[in-house]
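Here the structure is laid out as structure tokens; the discussion comes afterwards.
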Amino acid sequence: MPELPEIETIKKGLAKKIIGKEIVDIKIETTKSFQGDKENILGAKIEEIGRRAKLISMKLSNGFNLLFHLKLTGQLIYVENGERMAGGHPSHDWHAKLPNTNTRLIFTFKNGSKLFFNDLRKFGWCKVLTDIELREIFEGYGVEPFTSDFTVDYLLRKAKKIPNRNIKQFLTDQEIIAGIGNIYVDESLFLAGVLPTRKLRDLSMAEWQKINVSVLKVLKLGLKYGGTSDRDYVNALGVKGGMQNYLKVYHRVGQPCLGGCGGVVKRMTIGGRGTHYCPTCQK
DNA sequence: CTATCTGTTCTGAC
DNA sequence: TGTCAGAACAGATA
């Protein structure tokens, strides 16, 4: 379930560790997890790490790029000297041996450190791409929430074309807004006080403003706590995030609403996905 | 044991 | 063109 805050947390963690390192080997344990020619990355150094939507990109010194999509259960974990190093000190609160049965790819750097790509369900992937191919993929995504382009005006302009769609499917549409998934959309709509089933055409200006602000607040909170570890997500050192302790509705079906209304969190299905909400706090 | 659920994205049908 | 079911896959839960 890694969404924007989780991917951004992994990106920041990896940046501290692997910028400038040279890839000397890649072991492909699961062929479908790696798409491209491995010869195009061997001997190259990692120059930059970026994030667009839920994707992590690595710019290489030879003109190629690595692009990762973790989908539902992907992990990127860096190991040096058999230890997960956090701020210069070994971190011992990880929970998986490496490699393990879910390890799909193992990158080895010149100093012997390794980057493990784990993915239980094998939906995720790593691709080797040229700059042009990478740019074309990135151009297919909508606005990044943490840019000045993410405004009420932008939302209204997009909503005008599909007035009949509900707000939940609108916010999770990657071609409209990049990086929001099932957890953060439910949390954002709870904070905004808007039911996920509401049609775009029926939303008031005040509600659009509330939605715009709430999405940013919730994503920022996710970043602050290093992401949500519902089950598979871990950061670049294999350590879980803390945002799951601050979720108001997600996976809280039947539990008391934390909005102070005295009600109970409900669950429904929208677009095939579990949707959590408070029928009292959200209108 | 079987059936169902999970949640991201792509594909194909209507 | 929009919408929606189904698929990719593995494991937890009922």
- Message: On the nucleotide B:dG7, are OP1 or OP2 found under 4.0 Å from the side-chain N or O atoms that A:Tyr250 carries?
- Response: yes
- Task: Please state the P separation for the pair C:dA12 and B:dT9 - nearest whole angstrom.
- Result: 24 Å
- Message: On the nucleotide C:dA8, are OP1 or OP2 found under 4.0 Å from the side-chain N or O atoms that A:Lys32 carries?
- Response: no
- Task: Decide yes or no on salt bridge (Lys or Arg N to Asp or Glu O under 4.0 Å) for A:Glu207 and A:Arg198, but give the supporting numbers first.
- Result: CA-CA 11 Å; A:Glu207 286 173 325; A:Arg198 291 282 300 282; 2.9 Å; yes
- Item | d(CZ, A:Phe123; P, C:dA7) in whole Å | 12 Å
- Item | Interatomic distance, A:Leu120 CG vs C:dC9 P [rounded to whole Å] | 13 Å
- Query: Tell me: CG of A:Asp186 to P of B:dT8, nearest whole Å?
  - Reply: 10 Å
- Query: Across the strands shown, which category fits A:Leu72 at heavy-atom distances under 4.0 angstrom: base, sugar-phosphate, nothing?
  - Reply: base
- With no hydrogens and no angle check, is any side-chain donor or acceptor of A:Asn62 less than 3.5 Å from a backbone partner on A:Asn40? yes
- Rounded off to whole Å, could you give me the OH-to-P distance for the A:Tyr233 and B:dG7 pair? 17 Å
- When A:Arg51 is tested against each of A:Glu8, A:Glu3, A:Glu6 for salt bridge (charged side-chain N to carboxylate O under 4.0 Å, His left out), which residue passes? A:Glu8
- Which residue lies toward the 5' end of DNA chain C, A:Arg165 or A:Arg104, if each is placed at its nearest nucleotide? A:Arg165
- Message: With a cut-off of less than 4.0 Å, is there a side-chain N or O of A:Arg121 near OP1 or OP2 of B:dG7?
- Response: no
- Same-atom distance (P) from B:dT4 to C:dG6, integer angstrom: 13 Å
- Picking from C:dA8, B:dT8, C:dA10, the nucleotide nearest the side-chain atoms of A:His69 would be B:dT8
- Taking A:Arg135 for its side chain and A:Glu139 for its backbone only, find out whether a donor-acceptor pair lies under 3.5 Å. no
- Message: For C:dC9, give the paired nucleotide (Watson-Crick: N1-N3 plus N6-O4 or O6-N4; G-U: N1-O2 and O6-N3; both under 3.5 Å), or none.
- Response: none
- Query: Using the P atom in both, what is the distance from B:dG7 to C:dA14, to the nearest Å?
  - Reply: 15 Å
- Query: Is A:Lys54 near enough to B:dT9 that one of its side-chain N or O atoms lies under 4.0 angstrom from OP1 or OP2?
  - Reply: yes
- Contact class for A:Glu3 vs. all strands (heavy atom < 4.0 Å): base, sugar-phosphate, or nothing? sugar-phosphate
- Item | Separation of atom CG in A:Asn182 from atom C1' in B:dT9, rounded to whole Å | 13 Å
- Item | Shared hydrophobic cluster for A:Ile18 and A:Ile41 (ILVMFWY, side-chain gaps under 4.5 Å) | yes
- Integer-rounded Å distance: C:dT1 P and A:Ile162 CD1: 13 Å
- Item | For atom CD1 of A:Ile180 and atom P of B:dT8, their distance in whole Å | 12 Å
- How many Å lie between CG on A:Asn166 and P on C:dG2, as a whole number? 15 Å
- Which word best sums up how the rings of A:Trp208 and A:Phe170 line up, parallel for under 30°, tilted for 30 to 60°, or perpendicular for over 60°? perpendicular
- Item | Same-atom distance (P) from C:dA7 to B:dA3, integer angstrom | 15 Å
- Could you tell me which nucleotide pairs with B:dG7 by Watson-Crick or G-U wobble geometry, both distances under 3.5 Å, or answer none if nothing does? none
